[in-house]
Amino acid sequence: MLYLTLFICFITSILVTPLVKKLAFKIGATDKPNQRKVHQRIMPRLGGLAIFISFLVGYFIMQPTSMYAFPLLIGSFIIIITGVFDDMMELSPKIKLAGQLLAAGIVVVYGGVQISFINLPFGGTLEFGFFSIPLTILWIVGITNAINLIDGLDGLAAGVSSIVLITISGMAIMMGNAFVTTMGFIMLGSILGFLFYNFHPAKIFMGDTGALFLGYIISVLSLLGFKNVTVISFIVPVIILGVPISDTFFAIIRRIVQNKPLSAPDKSHLHHCLLRLGYSHRQTVLIIYAMSAIFGLAAVIFSKVQGMWASLLVLGILLVAIEIIVEKIGLVDKNYRPILNFVSGVRYSRVKQ
């Protein structure tokens, strides 16, 4: 039944997306080209509504039973409304953030989705107490915006989100988490159907309606799959979301290094850097898909490694690899190359000797 529902969501998304495209033009939910945009013509950007409609179809077919189901659904409606209005009239950052905080607050406060404690690797627990609510809300809002930030090329956010959901759903199956598995499959079918129209050259963008909705669902599902675990295990969802989290993290570092406001827009995100290196639009998207898949595989390996020191070794290797890639493509700044400069210095010293 689960695979049938995935297929139904996929077909529903394929059938609904052209209707949403017409609606987008009708209500003015379009994206005009500018110096920061890659596209060269006016594009409809309400595609996330098609994903949401397909998601609702799958939701009501499967009717997942969980205390988190209804709060997640209500929060999703709030996120979708926020996204639709933003796609139509470009809401101010404060209003968008208010919508995200409200949606996050519903699943955290009303739904009980909270990171309440973490089991420490050497014994004992770290209780978050009152801070569990703001920490969980921060995670949800942070991941929601991280997915939004990578939505810069045709099919990029949709494809990366699909890979993330495959990883989350696969690990949920291994852990016997039926609710996360069901929601993940419903979302996956809905996104893949939309990706049929969104992959380069795109016929429609998902807009903030889609990017915020995908980020919201992914952030909540990643929490539900890894609640109240060890410090080491809690890193798993961070690894799964490695691409959007890394891009967001280094965007913050980049703006600090360049003395720019954290909210300042730029054309130095991961996809921009790869485009400047000479890769085509489609090649850039596929490269980032591969990166996301590697992060997903690394998360699975990390979760299966026995022992804290082995886990730390895997994590260390992953972090060094990320840093080298960041320096190679100039994600922070073209002059930011601490590891590469160190390696070059060591090589020069050996040659000189």
Side-chain angles (χ1 to χ4, degrees), residues 5 8-9 12-13 15-17 19-21 23-24 26-27 29 44-114 133 136-137 139-148 151 157-158 161 165 179-180 182-191 193-194 204-224:
T5 303
I8 292 172
C9 290
T12 301
S13 189
L15 295 176
V16 171
T17 301
L19 302 178
V20 170
K21 180 181 176 182
L23 176 64
K26 199 167 187 177
I27 64 177
R45 59 175 184 182
L46 197 65
L49 187 59
I51 298 174
F52 182 62
I53 292 171
S54 304
F55 164 79
L56 288 179
V57 170
Y59 182 91
F60 287 112
I61 289 175
M62 294 300 296
Q63 297 185 13
T65 54
S66 171
M67 61 180 287
Y68 309 115
F70 186 67
L72 183 58
L73 191 62
I74 298 300
S76 298
F77 271 106
I78 294 171
I79 281 289
I80 288 294
I81 291 170
T82 303
V84 168
F85 276 104
D86 188 58
D87 285 340
M88 288 173 58
M89 58 188 71
E90 295 194 8
L91 301 175
S92 70
K94 289 182 179 179
I95 295 177
K96 284 173 62 176
L97 180 59
Q100 295 170 39
L101 288 171
L102 180 58
I106 286 175
V107 293
V108 173
V109 178
Y110 176 60
V113 179
Q114 295 179 23
I133 292 177
T136 310
I137 290 177
W139 169 269
I140 294 173
V141 172
I143 298 303
T144 298
N145 283 284
I147 297 295
N148 197 22
D151 185 27
S161 296
L165 285 166
F179 177 71
V180 172
T182 301
M183 297 296 284
F185 270 64
I186 290 171
M187 281 297 299
L188 181 60
S190 303
I191 298 170
F194 171 75
I204 184 173
F205 294 160
M206 68 169 60
D208 273 18
T209 307
L212 295 179
F213 175 55
L214 265 59
Y216 178 73
I217 294 292
I218 286 172
S219 66
V220 176
L221 292 184
S222 63
L223 279 182
L224 293 178

Look only at the side chain of [X] and the backbone of [Y], and say whether a donor-acceptor pair between them is shorter than 3.5 Å.
X: S161; Y: A158; result: no
X: W139; Y: L223; result: no
X: T17; Y: S13; result: yes
X: Q114; Y: I133; result: no
X: R45; Y: A29; result: no
X: S190; Y: F55; result: yes
X: N145; Y: V141; result: yes

For the residue pair [X] and [Y], establish whether any side-chain heavy-atom pair is separated by less than 4.5 Å.
X: L56; Y: F77; value: yes
X: V107; Y: T136; value: no
X: S76; Y: F213; value: yes

Could you give the distance from [atom1] ([X]) to [atom2] ([Y]), rounded to the nearest 0.5 Å?
X: M206; Y: L212; atom1: CE; atom2: CG; value: 10.5 Å
X: L91; Y: L97; atom1: CG; atom2: CG; value: 12.0 Å
X: I80; Y: Y216; atom1: CD1; atom2: OH; value: 11.0 Å
X: L73; Y: I78; atom1: CG; atom2: CD1; value: 10.5 Å
X: Y59; Y: M62; atom1: OH; atom2: CE; value: 12.0 Å
X: T209; Y: L214; atom1: OG1; atom2: CG; value: 11.0 Å

Which word best sums up how the rings of Y68 and F179 line up, parallel for under 30°, tilted for 30 to 60°, or perpendicular for over 60°?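 Ring orientation, 0 to 90° scale: tilted.
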Partner set under salt bridge (Lys or Arg N to Asp or Glu O under 4.0 Å) for D208, not counting sequence neighbours: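 If we apply the salt bridge (Lys or Arg N to Asp or Glu O under 4.0 Å) test to D208, skipping adjacent residues, the hits are K96.
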